[in-house]
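Here the structure comes first, spelled out in structure tokens, and everything after it is commentary.
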Amino acid sequence: MQPRDPFNDPFTGEESGRSIIELRGISRSFGSQEVLRNVSLDVRAGETVCLIGESGCGKSVTMKIMASLMQPTAGDVLWNNVPIKDRSDEELVRDRLRFGYLFQGAALFDSLSVFENIAFGLRQNTKMSDEFLAELVAERLKDVGMSPASAQKMPSELSGGMRKRVGLARTLALMPDIILYDEPTTGLDPIMIDVINTLILKTRKRRPVTSVIVTHEMSTVRKVADRVIMFYPLSRLEPGQPQIVFEGTPEEAFASEDPQVSQFVYGEAGERMQELALL
Amino acid sequence: MIEFVQAVGDLALFATSMLRWLCRGLPRRSVVVECMYEVGVRSIPVVLITGMFIGMVLAVQGYQQFHLMRMETRMGAVINMALVAELGPVLAATMLAGRVGSAMAAQLGTMRVTEQIDALRALGANPIQYLVVPRFLSCFLLIPLLTVMADAIGVAGGWVFSTQVLGVDATYYWHYSTEYVAAWDVFAGILKSMFFGAAIALIACHRGFNCGSGAEGVGQAATSSFVLSFVVILVLDFFLGMFLNEIYWTLWPGPSSFV
Ligand SMILES: Nc1ncnc2c1ncn2[C@@H]1O[C@H](COP(=O)(O)OP(=O)(O)OP(=O)(O)O)[C@@H](O)[C@H]1O
Ligand SMILES: [Mg+2]
């Protein structure tokens, strides 16, 4: 990693509230299946945005498009107010390193041990001594509540929740400025959910980071979000209604009168139950 | 038809970007070494066994015909020529495509569907450089050695079986072999094998990268990688054979005959 000049750094710096990631009119389809239609949103420096919405509505796709791991069918992605298509390949790779991405399925490298997984980004992008590396990895493991002994395990020997936590440790190891968490607490027990929520808050206190969190966990929304964005699946959208059905603070989300929002945040199926012919 | 053209074009693009990354430098040494071990060392047993049996099979089959014509001593020339020019390279390549190629396609396919390839990109590693370049190099550089092994053990197997079991005169067996099989033939076989190795690695990695979703997609990637590699090996063998013959006649014009 290049040394960062805090005064001339496009991604951090004093001026918070500047746009870090902006989606402009993003659409994405897979074959004939349309997943995102004309989605625009803005993530500002230093804030924590939670993306919520029912399963399959395109949250993970949106996150991948934000990190430029997937191309939209139409629309522009801007990082720091510059469209990513105006960046050269090298600039894109360099700027993508400012992002940390926790994948929904953790996406640990099967052929590498837990240690090597967490050390991967550091080995790839820095020239660190092995002792320093070992120290950092141990620290990251401790952050996510795993024992140092698990470092030598292979991903196939871990439980689902442990994989998720190793994935989180790997994401945070490179000290990213922008962290995209795809369901960081799914599959964890209630205690561990609290540990991870606290870790997300702690990460933000330690240094200026911008985070986007996809989650189904309302405790995460309550505890860490500055802003909530709710997506709706295209198939059930009223004609002409935008796909983002709610945008506001968590308090506003929990106080919302709109049934689409309140039923979701309070976990009530409402008329969906009849729709699905379960009653 | 359009799909076919598209697939070939896509593979060509894939190969070009692989070559670009190859020129930009290698990934970490441990990655390459591990891959070479898997491709090279672990393929030796199967190549040796199949090579030896092919040599012996040729001896068994050839003996019937040559014995009728009372030309058993010429068997060596035919067996060894067939081995070094065609069977050695093709056999080593087929084994590599089956053993290593489909495993690569399945592995990369699994990495695709479990988002590990995206994770590589997110962590600043280029998937082509990190995954494809070492596999390409391993296949491309090690298949000549595997071919030489298949050639050698096939020649030995044919020789042992012919002289020890079928009772062919060893001196003449070698005499006609060396007279007919030139260094060029061995070289041509090895050269061909390098093309096979390159094709196997590219096809396998390309199939893996473009794997469909789920376990089904992974299985399909593995199978289609083998089938496609095998077809390409035989097609390449045909065209390279013709091309190398042309070169041979250009370099050394003059009659040559089967004594
Ligand atoms: N690589 C892909 N190929 C084809 N279809 C895809 C692909 N990725 C996502 N989809 C489709 O896009 C839709 C949205 O997927 P996405 O993963 O974004 O959902 P999600 O909102 O993250 O849901 P969940 O909360 O269950 O994770 C799904 O219907 C899925 O079938
Ligand atoms: Mg998802």
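Proteins get letters first, then strands, A, B, ... in listed order; numbering begins at 1 in each.
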Identify which part of B:Ile117 has an atom lying under 4.5 Å from any heavy atom of chain A, answering side chain, backbone, both or neither. neither

Before giving the answer on ring-ring contact (aromatic ring centres under 6.0 Å, His included), spell out for B:Tyr130 and A:Phe109 the whole-Å C-alpha distance, their side-chain angles and the decisive distance to 0.1 Å. CA-CA 12 Å; B:Tyr130 188 80; A:Phe109 303 123; 7.2 Å; no

Are B:Leu123 and A:Leu174 side-chain neighbours, meaning at least one heavy-atom pair lies under 4.5 Å? yes

Looking only at B:Met111, B:Gln107, B:Glu115, B:Glu34, most heavy-atom pairs under 4.5 Å shared with chain A are made by B:Glu115

Among residues two or more places apart or on two chains, list those pairs meeting salt bridge (Lys or Arg N to Asp or Glu O under 4.0 Å) that have a residue in residues 119-132 of chain B. B:Asp118-B:Arg121

Measure distances from A:Leu112 to the heavy atoms of chain B and classify the residue's part below 4.5 Å as side chain, backbone, both or neither. side chain

Can you tell me if B:Phe14 has over 12 outside heavy atoms packed within less than 6.0 Å of its CZ? yes

Just how far is it from atom CG of B:Asn126 to atom CD of A:Gln124, taken to the nearest 0.5 Å? 9.0 Å

Give a yes or no on whether A:Glu91 atom CD has more than 12 heavy-atom contacts from other residues, nucleotides or ligands under 6.0 Å away. yes

Tell me, yes or no, whether the heavy-atom count around B:Arg29 atom CZ, taken from other residues, nucleotides or ligands under 6.0 Å, exceeds 12. no

Heavy atoms only: give me the nearest B:Ala119-A:Ala107 pair and the separation to one decimal. CB-O, 3.9 Å

Under 4.5 Å from any heavy atom of chain B - which part of A:Thr171: neither

Minimum heavy-atom distance B:Ala125-A:Phe120, with the two atoms named: CB-CE2, 3.8 Å

Would you compute the distance between atom OG of A:Ser111 and atom CD of B:Gln116 and round it to the nearest 0.5 angstrom? 7.0 Å

Is it the backbone or the side chain of A:Leu180 that comes under 4.5 Å from a heavy atom of chain B, or both, or neither? neither

State whether the number of non-hydrogen atoms from other residues, nucleotides or ligands found under 6.0 Å of B:Phe4 atom CZ is greater than 12. no

